Structures are given as structure tokens and as C-alpha cells.
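Predicted, not measured: the structure shown is a model, and the values here were computed from it.
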Amino acid sequence: QVQLVESGGGLVQAGGSLRLSCAVSGSIFSISAMGWYRQAPGKQRELVALITSGGITNYADSVKGRFTISRDNAKNTVYLQMNSLKPEDTAAYYCNDGYSPWGQGTQVTVSS
């Protein structure tokens with residue numbers, strides 16, 4: 001059973017930074033592509049960043065140039081560095097490999 005545990009969210013002012021972490025257990029993490037998703041109230045969950053097993057990354061246009069996804073295969077952990085945060089980045093953030101049950105997520109709130 002795959003378990004995904006997100007952490008690192010919080011309340012930050014616009015222009016600030018946060019670093020999210022996602023600890024993964026129960027899967028062959030090193031060969032899995034991993035994504036960070038977010039869901040704002042009343043909106044659908046959206047993919048914001050993806051990293052392949054080989055380290056190739058891709059970003060939603062809304063976060064390109066501000067967010068950086070990375071992974072540490074030795075620690076079975078994927079990260080999301082978020083800089084220049086905007087109020088519209090406010091959402092619950094989740095990581096997933098596209099196949100596993102969702103974790104509890106971590107809330108990011110950006111005040112203006």
C-alpha cells in the first residue's frame with residue numbers, strides 16, 4: 001500500500017517562499033514519475049509540476065519560473081520549492097504518482 005505524506009505548507013505573504021515535501025512509502029519510488037497537484041476551494045485539482053524518474057521536469061504555465069520540483073531517490077521524497085508566491089497559489093497541495101490514493105495534502109495560504 002503506497003502512502004504519501006505531504007508537509008511544509010503554511011501561511012505566507014505574497015512574494016514569499018515555501019518548500020513542500022512529500023515522503024513516499026510502499027512503492028518503487030525511484031522509477032516512478034511524481035507530480036505535485038493543487039486544489040483550491042471550488043476548483044478542480046490541477047497538476048502544477050511533474051518530475052520523471054530521470055529528473056526531467058515540466059510545469060504548468062501558471063507556476064513556470066517560480067516553482068521548482070525535485071526529488072531525492074535515496075530518501076523517497078519529492079520536493080516543491082515555491083518562490084514569488086501569489087494569492088492565487090492558495091490551495092491544498094498534494095503529491096502523487098498518478099496511481100496511488102491521495103494523501104492528506106498540505107495547505108498553502110498566500111496573503112496579499
Side-chain angles (χ1 to χ4, degrees):
Q1 180 77 7
V2 174
Q3 281 195 313
L4 306 166
V5 180
E6 301 93 345
S7 62
L11 174 63
V12 64
Q13 287 189 329
S17 298
L18 284 173
R19 188 193 194 206
L20 306 184
S21 299
C22 172
V24 182
S25 61
S27 77
I28 308 175
F29 177 79
S30 62
I31 65 171
S32 301
M34 294 296 300
W36 278 99
Y37 300 75
R38 68 185 181 188
Q39 187 168 22
K43 294 189 177 181
Q44 287 193 330
R45 192 170 294 176
E46 63 171 343
L47 176 66
V48 296
L50 182 73
I51 186 166
T52 69
S53 58
I56 297 172
T57 59
N58 200 10
Y59 300 91
D61 287 343
S62 58
V63 307
K64 203 170 291 184
R66 301 188 297 121
F67 290 10
T68 303
I69 188 171
S70 62
R71 64 191 298 158
D72 184 336
N73 288 342
K75 295 182 178 179
N76 280 15
T77 302
V78 61
Y79 303 97
L80 186 67
Q81 178 67 43
M82 305 187 297
N83 299 328
S84 302
L85 282 161
K86 304 176 180 180
E88 51 264 44
D89 294 318
T90 295
Y93 284 72
Y94 305 83
C95 66
N96 206 284
D97 59 5
Y99 303 100
S100 300
W102 295 98
Q104 84 287 352
T106 187
Q107 178 67 37
V108 172
T109 303
V110 184
S111 62
S112 57

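- Going from atom CG of D97 over to atom OG of S53 covers 12.0 Å, rounded to the nearest 0.5 Å.
- Side-chain contact between Q39 and Y93 is absent, with no heavy atoms from C-beta onward closer than 4.5 Å.
- Sequence neighbours left out, the pairs with a member in residues 80-94 that pass salt bridge (Lys or Arg N to Asp or Glu O under 4.0 Å) are R38-D89, R66-D89.
- Heavy atoms from other residues, nucleotides or ligands lying under 6.0 Å from NZ of K64 number more than 12.
- At least one donor-acceptor pair closer than 3.5 Å links the side chain of Q104 to the backbone N or O of E6.
- Between Y37 and W102, the two ring planes are perpendicular [angle over 60°; tilted spans 30° to 60°].
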Steps toward side-chain contact (heavy atoms from CB on, under 4.5 Å) verdict (T57, L50)
CA-CA 5 Å; T57 59; L50 182 73; over 6 Å; no

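- The cluster map of Ile, Leu, Val, Met, Phe, Trp and Tyr, joined by side-chain heavy atoms under 4.5 Å apart, puts V63 and I51 in the same cluster.
- Counting only heavy atoms from C-beta outward, the side chains of S100 and L4 approach each other to under 4.5 Å.
- The line from OG1 of T52 to CZ of R71 is 7.0 Å long, rounded to the nearest 0.5 Å.
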Just do the side-chain contact (heavy atoms from CB on, under 4.5 Å) check on Y59 and V48 with the steps written out, would you?
CA-CA 6 Å; Y59 300 91; V48 296; over 6 Å; no

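- How far CD of Q107 is from OG1 of T90: 7.5 Å, rounded to the nearest 0.5 Å.
- Distance SG/C95 to OH/Y79: 11.5 Å, rounded to 0.5 Å.
- In this structure a side-chain-to-backbone donor-acceptor pair under 3.5 Å is present from T106 to G9.
- Checking side-chain atoms of S112 against main-chain N and O of P87 turns up no donor-acceptor pair under 3.5 Å.
- At a threshold of 4.5 Å between non-hydrogen side-chain atoms, the residues L20 and Y94 do not count as touching.
- There is a path of hydrophobic side-chain contacts, each under 4.5 Å, that joins W36 to V12.
- In this structure, the side chains of T68 and L80 stay at 4.5 Å or more apart for every pair of heavy atoms.
- For the pair A23 and T77, the tightest heavy-atom approach, listed with the atom from each and the gap, is CA-OG1, 4.2 Å.
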Test side chain to side chain donor-acceptor pair (under 3.5 Å) on S17 and N83 and set out the steps.
CA-CA 4 Å; S17 298; N83 299 328; 2.9 Å; yes

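- Annotation: side chain of M34 is not in contact with side chain of N96 (no heavy-atom distance under 4.5 Å).
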